[in-house]
Amino acid sequence: MRRKLELSCCAALGLLAMALANPAHADQATISDKKLMKLLNKAAPKNVLEHATVMNMGADGKMHAVQQGDNGFTCMDPGGSPMCADKAAMEWVDAWQTHGPAPQKLGFIYMLKGDNGASNTDPYATKKTADNNWIKTGSHVMIVGSDAKAMLESYPRDAKADPAKPYVMWAGTPYEHLMLPVK
Ligand SMILES: [Cu+2]
């Protein structure tokens, strides 16, 4: 049976990180490698995708490489939020998921197809509640990692953000990051 999870881009990434770390964590929908490539086509520029490592989850819950890349990007579509993340961004995801310190790096993520929605204030929320400031962002890119701190200072960091404009997500947490709409 196939089930679609409503996950934020970041919750989805975390899920992927967990799946990578723990193959037994197989509680999600799977898509064919072909469909994955089609979805990823809309999530990042063609050239980036062509040279990226592409990961997909099999029915057994294990991640497998659909494509081995050489440009430092990893592309995947956990929970219906296709994305391509660079190396530092993948480290950031891991830190967030394991509640560790955010890497002192700048990471970058393409999400040109948008996300499934996320809490703007709770990094660990997986669905909308009355008070978790759920927000859905269209085509965007993300700047992550603790080296982004100074850059984030000039952007709105309100709990209720306008996703049509650049804003800081998860402000005040170690995992605050910049959301930049591109359309
Ligand atoms: Cu995103």
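Counting begins at 1 with the first residue of the sequence. Whatever order the structure lists them in is the order used to number ligands and atoms, beginning at 1.
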Derivation of the side chain to side chain donor-acceptor pair (under 3.5 Å) call for Asn56 and Asp33: CA-CA 7 Å; Asn56 196 7; Asp33 292 351; 2.7 Å; yes
Residue Met111, metal the Cu ion (ligand 1), N/O/S under 2.8 Å: yes
Using a distance threshold of 2.8 Å, state whether an N, O or S atom of Ser81 lies below it from the Cu ion (ligand 1). no
Going by the side-chain contact (heavy atoms from CB on, under 4.5 Å) test, name the single residue among Val66, Val54, Leu112 that passes it with Leu40. Val54
Output the atom name for the N/O/S atom of His140 with the smallest distance to the Cu ion (ligand 1).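 For His140, the N, O or S atom at the smallest distance from the Cu ion (ligand 1) is NE2.
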Would you be so kind as to tabulate the donor-acceptor pairs closer than 3.5 Å made by side chains of residues 154-168, with sequence neighbours excluded?
unit_1	atom_1	unit_2	atom_2	d
Ser154	OG	Met151	O	3.4
Arg157	NH2	Glu176	OE1	2.6
Lys160	NZ	Asn133	OD1	2.6
Asp162	OD1	Ala164	N	2.9
Tyr167	OH	Thr137	OG1	2.7

Under the ring-ring contact (aromatic ring centres under 6.0 Å, His included) rule, what pairs show up with a residue in residues 63-89, not counting sequence neighbours? Phe73-Tyr110
